Undergrad: 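Below you will find the structure I want to go over with you.
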Amino acid sequence: MKKMFKLSLIMLLAFSVVLAGCGKKKEETGATGSEPAGDAKSSIKVGLVTDVGGVNDKSFNESAWEALDALKKDKGIEAQYLQSKSKEDYVTNLNKYVKGKYDLTWGIGFDLGQDMKTVADQNPDAHLAIIDATVDSPNVRSITFAENEGAFLVGVVAGKMTKTGKVGFVGGSEIPVIKRFEAGFKAGVKAANPNVEVKINYTGAFDKPDQGKAAAATMYNDGVDIIFHASGATGTGVFNEAIARNKAGGSKVWVIGVDKDQSLEFGDDVTLTSMVKGVTTAVDKVTREVIDGQFKGGSEVLGLKENGVGLADTSSKNVPADVLKAVDEFKEKIISGEIKVPEE
């Protein structure tokens with residue numbers, strides 16, 4: 001009995017040592033930062049309101065959300081989004097975050113501009129920010145881009161690489177930001193090859209892939225071999241039409257992506273290049289200012305000089321070196337002011 005008692009006591013002591021060691025190891029892991037120890041938690045709350053294209057538009061709404069999603073992991077902020085199904089949702093969605101005392105409310109898209117102005121003026125203590133529109137309120141940060149400059153560069157690519165002498169542009173709604181895309185693209189094509197014909201089609205929507213597919217089909221049937229789209233989720237249909245045609249054989253057709261490197265979504269076989277906008281960088285920058293207590297209203301335009309627009313890093317996969325060299329030469333002329341790209 002005495003021997004059994006001693007054995008039990010020894011086992012109990014050994015078990016206690018193991019527990020103490022585990023506790024110490026767990027504590028050290030949190031201290032070294034190899035596992036999150038809670039120090040990355042922030043009290044900052046940020047809300048994002050999309051336009052009708054939605055957060056999965058493979059374009060600028062998605063780019064904006066990617067920035068906030070990364071900050072959730074990096075800084076521990078609370079970030080949420082609301083997808084607007086129609087323009088009537090904008091005020092309601094913006095107010096949800098503003099009335100909920102969020103530290104920053106983002107609006108993504110030109111169409112939110114007027115409603116953000118209304119909400120901002122009614123809530124002067126709230127902090128708001130918008131992409132692709134300028135809102136003249138002291139509590140709103142407005143970020144716009146010189147899309148015409150970036151579109152000029154992909155126009156150069158299209159003008160130099162078309163084999164049919166016909167290229168196309170598919171836009172969403174005919175709003176100023178999309179007209180800048182069109183104007184820059186046409187100017188770039190003509191600068192590269194004045195004999196190339198540019199066909200234009202506005203679908204009137206940023207959330208209708210079927211309309212994008214139909215617009216692309218019409219253009220490809222008419223001899224266009226490269227289409228540049230600036231149409232949000234509608235552009236998914238442009239890509240789908242091109243993919244289907246290339247799989248079926250016949251003449252090769254291409255799509256030039258927009259806002260982000262769309263080859264990552266649709267593949268190199270169909271994406272000639274993409275005109276990227278620094279939406280993710282802009283959303284990250286302004287949101288970090290809020291986190292650091294440095295938010296201020298005002299507006300800024302990001303173009304080639306500010307690295308706000310440009311060609312995707314993967315462009316060399318399909319665009320020859322001599323064409324990229326020409327693109328760089330035009331880029332320098334735009335930055336220096338030698339070439340002024342039209343906006344409309």
Side-chain angles (χ1 to χ4, degrees), residues 59 146-172 178-203 212 215-231 234-235 237-239 241-243 245-246 250-263 266-277 304 309-334 339 341-344:
S59 188
E147 293 89 358
N148 52 319
E149 294 182 355
F152 184 101
L153 299 187
V154 296
V156 171
V157 172
K160 286 188 171 294
M161 293 190 66
T162 176
K163 297 186 183 305
T164 64
K166 293 182 180 181
V167 300
F169 174 81
V170 173
I178 306 302
K179 296 299 287 185
R180 288 198 295 271
F181 277 110
E182 177 197 337
F185 180 67
K186 289 192 298 186
V189 170
K190 294 301 182 180
N193 187 342
N195 296 318
V196 173
E197 182 181 357
V198 183
K199 293 186 173 294
I200 309 296
N201 189 319
Y202 279 88
T203 66
T218 299
M219 285 186 174
Y220 289 138
N221 286 340
D222 197 29
V224 167
D225 60 347
I226 300 172
I227 294 176
F228 174 41
H229 91 92
S231 55
T234 298
V238 176
F239 274 101
E241 178 65 21
I243 290 169
R245 285 176 179 256
N246 288 338
S251 300
K252 177 74 173 178
V253 296
W254 294 100
V255 181
I256 295 176
V258 73
D259 293 334
K260 59 189 301 185
D261 185 352
Q262 294 199 294
S263 71
F266 298 102
D268 298 320
D269 291 339
V270 69
T271 312
L272 181 57
T273 182
S274 295
M275 196 226 89
V276 296
K277 285 170 58 173
L304 288 176
V309 295
L311 264 62
D313 292 338
T314 57
S315 297
S316 60
K317 291 182 178 180
N318 289 319
V319 182
D322 62 318
V323 176
L324 290 176
K325 181 180 178 182
V327 167
D328 286 338
E329 291 171 354
F330 278 112
K331 177 180 177 180
E332 291 306 314
K333 289 180 180 179
I334 293 170
I339 292 177
V341 183
E343 296 186 27
E344 57 183 22

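Nothing here was measured: the structure is a model prediction, and the numbers come from that model.
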Undergrad: Should Leu324 and Leu311 count as side-chain neighbours, where that means a heavy-atom distance under 4.5 Å?
TA: yes
Undergrad: Identify, with sequence neighbours excluded, every residue that meets side chain to side chain contact (heavy atoms under 4.5 Å, CB included) alongside Ala312.
TA: Asp261, Ser274, Val276, Thr314, Ser315
Undergrad: What closest approach, in Å, do Thr162 and Gly159 show between heavy atoms, and which atom pair accounts for it?
TA: CG2-O, 3.8 Å
Undergrad: Any sub-3.5 Å donor-acceptor pair from Lys166's side-chain atoms to Asp222's backbone N or O?
TA: yes
Undergrad: Can you tell which of Phe330, Phe185, Phe228 makes a ring-ring contact (aromatic ring centres under 6.0 Å, His included) with Phe152?
TA: Phe330
Undergrad: Does a side-chain heavy-atom distance below 4.5 Å link Leu304 with Leu153?
TA: yes
Undergrad: I want to check something: taking the side chain as every heavy atom from C-beta on, are Val253 and Asn246 in contact at a cut-off of under 4.5 Å?
TA: yes
Undergrad: So, for Phe169 and Met219, which heavy atoms are closest and what is the spacing to 0.1 Å?
TA: O-CE, 3.3 Å
Undergrad: Could you report the tightest heavy-atom contact between Val309 and Gly150, atom names first, then the distance?
TA: CG2-N, 3.7 Å
Undergrad: By salt bridge (Lys or Arg N to Asp or Glu O under 4.0 Å), which residues pair with Glu332, not counting sequence neighbours?
TA: none
Undergrad: Lys252 versus Asp225: any side-chain heavy-atom pair under 4.5 Å?
TA: no
Undergrad: From Ile226 CD1 over to Lys160 NZ, what is the distance, rounded to the nearest 0.5 angstrom?
TA: 12.5 Å
Undergrad: When the ring planes of Phe266 and Phe239 are compared, do they come out parallel, tilted or perpendicular, using 30° and 60° as the limits?
TA: parallel
Undergrad: I'd like to know if Lys333 pairs up with Glu329 as an ion pair, taking the criterion as any Lys NZ or Arg NE/NH1/NH2 lying under 4.0 Å from an Asp or Glu carboxylate oxygen.
TA: no
Undergrad: How many angstroms lie between atom OG1 of Thr218 and atom NZ of Lys199, to the nearest 0.5 angstrom?
TA: 10.5 Å
Undergrad: Over all heavy atoms of both residues, which pair between Phe181 and Ala151 is shortest? Give the atoms and the distance, please.
TA: O-CB, 3.3 Å
Undergrad: Looking only at heavy atoms, what is the nearest atom pair of Tyr220 and Val255, with distance?
TA: OH-CG2, 3.5 Å
Undergrad: With a sphere of 6.0 Å drawn around NZ of Lys260, does it hold more than 12 non-hydrogen atoms of other residues, nucleotides or ligands?
TA: yes
Undergrad: Rounded to the nearest 0.5 Å, what separates atom CD1 in Ile339 from atom CD in Glu149?
TA: 10.5 Å
Undergrad: Sequence neighbours left out, what passes side chain to side chain donor-acceptor pair (under 3.5 Å) with Asp313? Give chain and number order.
TA: none
Undergrad: Would you say the side chain of Asn318 lies within less than 4.5 Å of the side chain of Asp268, judging by non-hydrogen atoms?
TA: yes
Undergrad: Might you point out which heavy atoms bring Val238 and His229 nearest each other, and give the distance in Å?
TA: CG2-CB, 4.3 Å
Undergrad: When you compare the side chain of Lys186 with that of Ile200, does any pair of heavy atoms fall below 4.5 Å?
TA: yes
Undergrad: Going by the side chain to side chain contact (heavy atoms under 4.5 Å, CB included) test, name the single residue among Glu344, Glu182, Arg180 that passes it with Asn148.
TA: Arg180
